Amino acid sequence: MIEPLDQRTPPMTPQLALRVAIVGGIALVLFALIFFRLWFLQLLSGTDYVAAAQTNITRSIAVAAERGEILAADGTPLVTSTPVPAVEIAPPDLPTPLTYLNFQTAIAKDEGLFGRLAKVLEMSTKPERCGYTVYGGLKGPVTYYPKLAKIPCLVTQSIANQAYANVTIKTGVVTDVQDYLAERQVDFPGVVTQEVYERTYPHDTLGAQTFGTLGPITLAEFDSAKKGGVFKGAHETDVVGQTGLEYEYDQDLLGTDGAVRVKVNADNQFEGYAKEKPELPGDNLKTSIDLQLQKVGELALAKSIRLNAGKGADGGAFIAMDPDNGQIYAMGSNPTYNPTQLARPISTAAYDKDFRDNKGKPLVNRAIQTPLPDGSTFKVITATAALESGKWNAVEPFYDNGEFCYPGEDPTLPGSCLHNSGDASYGSVDLERAIQVSDDVYFYHLGYILDADPTTHPNGGPLQAWARQFGIGQPTGVDLPAESSGTLPTPKLFKALWTEERQCDTATGDYAYTNGQGEVSATKLPGYTLSPKHPAVIVKDQIVSGGCGIASSPAWGAGDNVNTAVGQGDVQVTPLQLGVVYSALANSNGAVVTPHIGEEIIQPSNGEILSKFDPAPKRYVHIQPAYRDDILAGLHAAAQTPGGTSDDVMGDFPLPVYGKTGTAQEGTAEQIATNTESDYAWYACFVPASATVKRPIVIVVSVEKGGFGDVAAAPVAREMLSEWFSGKPGPYKLGSSKDT
Amino acid sequence: MSTSPIQRSEEPGVQMRTQLLRIDPLLLLAGIGLSLCSFVTLRGAGFHSYADKQALYSVFGLLLALLISRFDYTVLREYRYVFYGLGIVLNLAVFAFPSIKGAHSWIPLPGFQFESSEFGKLLLIVSAAAFAVERSRRLSEQRTVARLMLLALLPAMLVMAQSNLGTALVYVTVGCAILFFLGTGWRQLGALALLFAGAAVIVLVGAPALGVHLLHGYQQQRLTTFINPPATCNSNNPVCYQLHESLIAIGSGQKTGLGAAGATQAAYGFLPVPQSDFIFAVLGETYGFAGAAVVISLYALLIWRSLVILTMAKNLFGTLVAGGVLATFMFQIFLNIGMTIGIMPVAGVTLPLLSYGGSSVIVTFLAIGLLESIHVQASMASSGKARVLIV
């Protein structure tokens, strides 16, 4: 029987065979594809994926390392770290993760979390003015003032600084709150409770500017750390020193955070512990600071400023150092601030109240960052230059009739004659006497004869050469950041300043464009506009009115050298630089020492000294012993013989004191014209090693707008000398000499 | 009307034994092997309850397969209308029940979630094959191709509406395979291919440009993420994230895997749907390249045997049924594995026998049973035919 069509076994037609082959071929190709892909994934790239799997499952919780302490010379802690429980926010882990790119717009999305956290921490949720500055980008630094509640404000400020560290929201949190937050990780994503170290200052405001401040490392700092430098080896989340000793010695003070690694699942829930990395505390820095001397100095300076506030005194600084090796015993700056305020999260309102410019810029370290004309204290350099250059000798008599007139000029014209302070005249004086009474006319004369032809001596004559030897116009090399170099006037400098002045006046060259915030540029950078002009009226190469105030004439004249000789005009010196000058005179071999505060790095666990600091002097000033003796005689007479400018303050001090007063005048063109400039008081003194069995000391005091040097600055030095040599400051000795 | 073919008379017992002995052992081996791998992988990943249930389903499925292999599959031809209708009804019935995870795919039965689209697959294969056989003589007509395609498209649309794009595409592939093995001309096949390409362009590009979205957002995202993967994957793009995690899991398995204890990605919840869609990634992580190679070899075996059975089928109906089953196996295997290793877009199709799922396992074993039946009948027919010829 023939089978029905559909029941017959169909023969394997070629057509079907082809189709089967095609399908078989497709299957083969696909299998091969899978095979090779797996080979690639598992055998060739396997290790990458293993690492990725590990990253998925582990989370690192940083364990804060203790920062090293800063110690006084006798080991007393000056700056320490205390562990405090803190609540922090990790911006990348917030419900809406916040980064530098989105924080300005996305901060509102995490409001819910911030609100709940604020409730728990009893912080206000009321939006307040919050200031933050965004750096970089096309417009340069731009400051915004949105209204944000406390917590989002802190987060915003931190992210704006491009800091990757966790944002500290509150420190000193009670255990109950810590536990509450720790148990509710799921409800508070991005909130971290852990122990952090807070910088503590057992001595309040003492040495605030010298010790410096801390802050989370910014992106720019972290980038530079990769190339080395102060922050080498720091991590993105580290809190590092930003100013002062904390910055300079950050490498040693900074500890290395440890990590506790926990295993988590996809819901960030705890699954177990993984390997730990122990934290490494930072090393301690021992300084040469003498705690008592520092205290006395700061109190005395503050008192002097208070007493002279009527004249306008509003700030000052002092340094005390060892003239033989440059160790700094004390360094103070006024006005000052309480560093504890900056050790914790601070609100914009509080920062504005205490730290803005209108509060006298307390963050500035006036001992090294505020160069000013140092007045008569400069005269020792003038004397040295005059003697060593052979232009004058110590015994040659000079008749001081009360005025110095520029030879060859009509004495009746204004400015052609200069007078002593108080119009005194001292008659016949030699070098020693001239220093003792601080005879301006004598030194105007020396300045005049030391002047050199500006065309053949663009860098100045002997006066400038010796000033450079003593370190004027150069940084001292102290171990603190942002030291000012000061200014030493030379013909070359004047030309450069004049060029700048004219550029500023006509808004050309380097002054063509400005960003409106004090910076200028030759090319049109983004955010910069054309600078305004400051037309100047110029008569005979001299600006008589208008201008920018950078320079009034390109010409170098004898008058400029005369001004320099008495520490006036364009000379600018910091208290520390002056300290180095007087140290070179005080020590027996003319060493221009390199001042330093850091002495040793110490291992905190066992006290082992890891490194010592003993920088060599920059150079030696070779003054003939006879000349040096003359100058020292003058200084001694000035401090401790009747008629000396600081005799009323130092006269009865039990040890030989060598000291020089200084009163510099500085002001705007208007003030100069109306004779209403401010007086900047200076006093520089020393007790050399040869005079005592205790350690020798050089002290320089500066009181800005404080009046006469003997009145405002010398008493401060006297108290410090008393403290140093007898252990107590003694009564405040008010000076009265109106000598400059 | 069909009549029974001439059959040799034998004692029933011998007949049965002979029948049983005529099953394809390799195909069965593949099925059992894959079930075992599934059990071991699920146990290893810590899914003990899933593993136990899967074992139960596998055993049940195996028994069903053996049972089906006893019967002549050809009788199913008579019920083509019933099967087709049942398939439509089942795929409609799901809408009466609440959706699970946004998909209307299941009919809840006591103790078992009945996934209509899975069973519908098999019903479609059988009924479509039967209809095709009927029209095999009128192959050259346009209407044949069109009608058969529409036949497959109707239930496919229903499955699409259930939000199951992957399985809908399986239905379409079944239709294409049956046409292919039926002997449809190349020109007509070409035209069909062009049509599909055009439809894809319209759905993916044209309609969205006009504001009409035929695909769900996540479905669109799956395809675009595959074509244009973003540089970094985070929680904003779950598809990319899924793929990323899958690669991490598989890659970290390396040669022999991290073992049950070390396979963290699945256990800690980083792999999505680890027990079904991404079971291969779990396998890759736990047993490495070695484990993956074993499973892939078993699938190769499965496909090879399906091809062989297809060629040896005693009638056109058998060929077409085998073709439909082959198509569904190939599509699911390559799409699922391809997805986990990043060479295919993410799609929700299960890996036959390896993925956890009662309906999927049972339907696969039913399909294997059908194949075995075709094999048995074919071997019996060829031996019978020989004898008839001799006699």
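Numbered from 1 within each chain, the chains take letters A, B, ... in sequence-line order. Keep in mind it's a predicted model, so treat the numbers as computed, not measured.
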Might you point out which heavy atoms bring [X] and [Y] nearest each other, and give the distance in Å?
X	Y	result
A:Arg19	B:Leu189	NH1-CD1, 3.8 Å
B:Ile341	A:Arg37	O-NE, 2.6 Å
A:Leu38	B:Ala292	CD1-CB, 3.8 Å
A:Val23	B:Phe181	CG2-CZ, 3.7 Å

More than 12 heavy atoms from other groups under 6.0 Å of CD on A:Glu279: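 Yes.
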
A:Trp39: ring-ring contact (aromatic ring centres under 6.0 Å, His included) partners, not counting sequence neighbours: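 Counting only residues at least two positions away or on another chain, A:Trp39 forms a ring-ring contact (aromatic ring centres under 6.0 Å, His included) with B:Phe289.
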
Ring centres under 6.0 angstrom apart (B:Phe334, A:Phe31):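 Ring centroids of B:Phe334 and A:Phe31 are less than 6.0 Å from each other.
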
Rounded to the nearest 0.5 Å, how far apart are [atom1] of [X] and [atom2] of [Y]?
X	Y	atom1	atom2	answer
B:Ile343	A:Ile34	CD1	CD1	6.0 Å
A:Leu41	B:Ile250	CG	CD1	6.5 Å
A:Leu16	B:Phe180	CG	CZ	9.0 Å

Interchain contact, B:Leu310 with chain A, by part (heavy-atom threshold 4.5 Å):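 The side chain, not the backbone.
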
Which portion of B:Phe329 sits near chain A, non-hydrogen atoms under 4.5 angstrom: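 Contact with chain A: none, neither part.
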
Under 4.5 Å from a heavy atom of chain B, the part of A:Phe35 involved: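 For A:Phe35, the contact with chain B is made by backbone and side chain together.
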
Heavy-atom proximity to chain B below 4.5 Å, by part of A:Leu44: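 Nothing of A:Leu44, per the 4.5 Å heavy-atom cut-off to chain B.
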
